Amino acid sequence: MDVFCGIDWAEGHHDVAIIDDTGKQLAKCRINDDLDGYELLLDLLAEHGDTAEAPIPIAIETSRGLLVATLRTGNRQIFAVNPMAASRYRDRHGVSRKKSDPGDALVLANIIRTDMPMHRPLPADSDLAQAVAVLARAHQDAVWNRQQIASQLRSLLREYYPAALDAWHEKAGTLTRPDARKILAAAPTPTLAAQLPTWKLRLMMTNAGRKRGITEDAERLHALFRQAAARQLPAVEEAMGIQAKALLTQLNAACKAVDELAKAVEQTFRAHPDAPIMLSFPGVGAQVGARLLAEIGDDRTRFATAGGLKAYAGAAPITRASGKRKYVGRRFVKNNRLNHAGYLWAFATLTHSKGANAHYRRRREGGDWHAQALRHLFNRMLGQLHHCLLSRIHFDESIAFPAAAGAAA
């Protein structure tokens, strides 16, 4: 007799339902989100035939957390069911739209009982790949957080201190630059900035790590900060300066987090066996490679074909056809992190691969707009990456883009 388990998880407790292959409920219980609760769940599974050789498959609406980590030990299949899909399944069991946590656990168990082939179990990624995923996603979140705080600071400076925006708007990193943050911390208002002598500006740039163009830049900033400009009332300007310093404190912390996570990501990624293959591709550095590995994983059975990986990344188009109407467009349901990394990767290949650049140009000449052409290039490069990872070979430009290689010869 086949047995299936569904778990409706919550922050402090989880509801469990166990059913047989006919849909009959064999057991149900509520466990706490602690070690005692996990042991109770494992004992309940063992009572209904769970063994190391034939573990009971489990459906749950999350792929993360200590409960999932506990259940993933061994070769157990864990199905992370999308909450939206589970909501649709709930309507199959009744039209009254009633809902309860034990009922949701029963729905989840029935999902894998009736439609297991339609759902993917969590991939069996290695510990190192999972560590890369944690660090790469944390780094990506930190970069987004840094940009959000920088945008808040920029919006504030525009209201009372536009010279600070003009000072670094053409420099890489703008307000996130170490020298920009150091000078703004010392002079958070235009009144204080106008009092800064050139030698102090040079000293702050040097302390921030600047190596070149210090004297010229200090003179430029000295003249810029002394130019006549509209001002807020003195008390208002001082208050805004205090607010700017508070944002700078957050921005400094965010920049430090980005730098520390970037080092950890690169170190962990380069230790993975797939790193040399990924780094052999044009436009792939340690950070982009880590993000690709984080979302693809190293379980080579996860994607049976390159098409599955392309659809997961949102690179492959989707067709909607009904009657006489047919539409081919981009996917909206996708792994957004992988899709974002793919956009960065495709854009970088334009200056690192003649074949990729020629492919992009052909798509543009054929009528694609910029994002479409990059998505098509990402689609092609992703198929090549899938092949290289399966075959354990490095990227070869002459094989990936034979026409471009022949023309160059």
Side-chain angles (χ1 to χ4, degrees), residues 61-65 68-69 72 78-85 119-151 254 257-270 272 274-275 277-279 281 283-300 302-303 306-318 330-349 371-372 374-386 389:
E61 291 178 320
T62 183
S63 60
R64 306 167 64 181
V68 175
R72 291 189 71 178
I78 306 294
F79 294 85
V81 181
N82 188 296
M84 184 177 295
H119 296 271
R120 289 179 178 272
L122 292 179
D125 292 329
S126 66
D127 294 350
L128 186 56
Q130 294 183 52
V132 170
V134 170
L135 292 172
R137 291 167 184 167
H139 177 256
Q140 190 174 32
D141 290 339
V143 170
W144 289 340
N145 183 51
R146 180 185 65 181
Q147 185 57 47
Q148 184 179 31
I149 298 173
S151 297
V258 169
D259 294 340
E260 292 178 351
L261 285 169
K263 294 178 182 178
V265 167
E266 182 169 359
Q267 180 180 2
T268 309
F269 170 68
R270 291 187 182 277
H272 195 277
D274 288 349
I277 296 175
M278 289 186 166
L279 292 174
F281 278 75
V284 175
Q287 301 303 324
V288 171
R291 293 186 187 182
L292 292 173
L293 177 60
E295 305 309 324
I296 296 174
D298 58 2
D299 181 2
R300 297 281 80 89
R302 183 180 185 183
F303 301 103
L309 175 57
K310 293 175 181 179
Y312 177 71
I318 189 170
R330 66 186 180 94
R331 292 176 181 266
F332 291 92
V333 179
K334 58 187 180 297
N335 183 315
N336 290 322
R337 290 183 183 271
L338 180 55
N339 188 266
H340 182 265
Y343 184 90
L344 298 177
W345 177 22
F347 188 77
T349 59
Q372 285 178 309
L374 282 184
R375 186 165 59 249
H376 197 279
L377 177 58
F378 173 43
N379 186 63
R380 179 164 179 172
M381 298 297 291
L382 202 56
Q384 296 166 359
L385 177 61
H386 181 267
L389 289 174

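This one's a predicted model, so the numbers in the text were calculated from it and none came from an experiment.
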Legend entry - Listed partners of Q148 passing side-chain hydrogen bond (donor to acceptor under 3.5 Å, both in side chains), at least two apart: none
Legend entry - Residues forming a ring pair (Phe, Tyr, Trp, His ring centres under 6.0 Å) with F281, sequence neighbours excluded: W345, F395
Legend entry - Residue list, side chain to side chain contact (heavy atoms under 4.5 Å, CB included) with A129, at least two apart or on another chain: D125, S126, H272, D298
Inset, instruction - Determine the minimum heavy-atom distance between V81 and A85, stating which atoms define it. - result: CG1-CB, 4.4 Å
Inset, instruction - Name all residues meeting the side-chain hydrogen bond (donor to acceptor under 3.5 Å, both in side chains) criterion together with R337; count only those two or more places apart in sequence or in a different chain, and write none if there are none. - result: Q140, D141
Legend entry - K310 side, atom NZ; L385 side, atom CG - distance, nearest 0.5 Å: 11.0 Å
Legend entry - For the student: nearest non-hydrogen atoms of A133 and A294, plus distance: CA-CB, 3.4 Å
Legend entry - Side chain to side chain, R291 and L344, heavy atoms closer than 4.5 Å: yes
Legend entry - Verdict with reasoning, R330 to Q372, per side chain to side chain contact (heavy atoms under 4.5 Å, CB included): CA-CA 9 Å; R330 66 186 180 94; Q372 285 178 309; over 6 Å; no
Inset, instruction - State whether Y312 and R120 meet the cation-pi test: NZ (Lys) or CZ (Arg) under 6.0 Å from the six-membered ring centroid, and within 45° of the perpendicular axis. - result: no
Inset, instruction - Return the minimal non-hydrogen interatomic distance between G297 and R302, and the atom names on each side. - result: N-NH1, 4.4 Å
Inset, instruction - Output the distance between atom CG (L293) and atom OG1 (T268), rounded to the nearest 0.5 Å. - result: 10.5 Å
Legend entry - Nearest non-hydrogen partners of N145 and A254, listed with the distance: ND2-CB, 4.0 Å
Legend entry - L279 side chain near F269 side chain, heavy-atom distance below 4.5 Å: yes
Legend entry - Minimum side-chain heavy-atom gap L122-V68 below 4.5 Å: yes
Legend entry - Partner of I296 under side chain to side chain contact (heavy atoms under 4.5 Å, CB included), chosen from D274, N335, L309: L309
Legend entry - Which residues share a side-chain hydrogen bond (donor to acceptor under 3.5 Å, both in side chains) with Y343, sequence neighbours left out: H370
Legend entry - Euclidean distance, M381 CE relative to L292 CG, rounded to 0.5 Å: 10.5 Å
Legend entry - Closest non-hydrogen atom pair between A315 and F378, with its separation: CB-CD2, 3.6 Å
Legend entry - Candidate pair M278 and V288, rule side chain to side chain contact (heavy atoms under 4.5 Å, CB included), full reasoning: CA-CA 9 Å; M278 289 186 166; V288 171; over 6 Å; no
Inset, instruction - Tell me, with the steps shown, if L135 and H139 meet side chain to side chain contact (heavy atoms under 4.5 Å, CB included). - result: CA-CA 6 Å; L135 292 172; H139 177 256; over 6 Å; no
Legend entry - Atom of N339, atom of A313 and distance for their closest heavy-atom approach: ND2-O, 2.9 Å
With a cut-off of 3.5 Å and sequence neighbours excluded, list every side-chain donor-acceptor pair involving residues 257-267.
from: E266; atom 1: OE2; to: R270; atom 2: NE; distance (Å): 3.0
from: E266; atom 1: OE2; to: R270; atom 2: NH2; distance (Å): 3.2

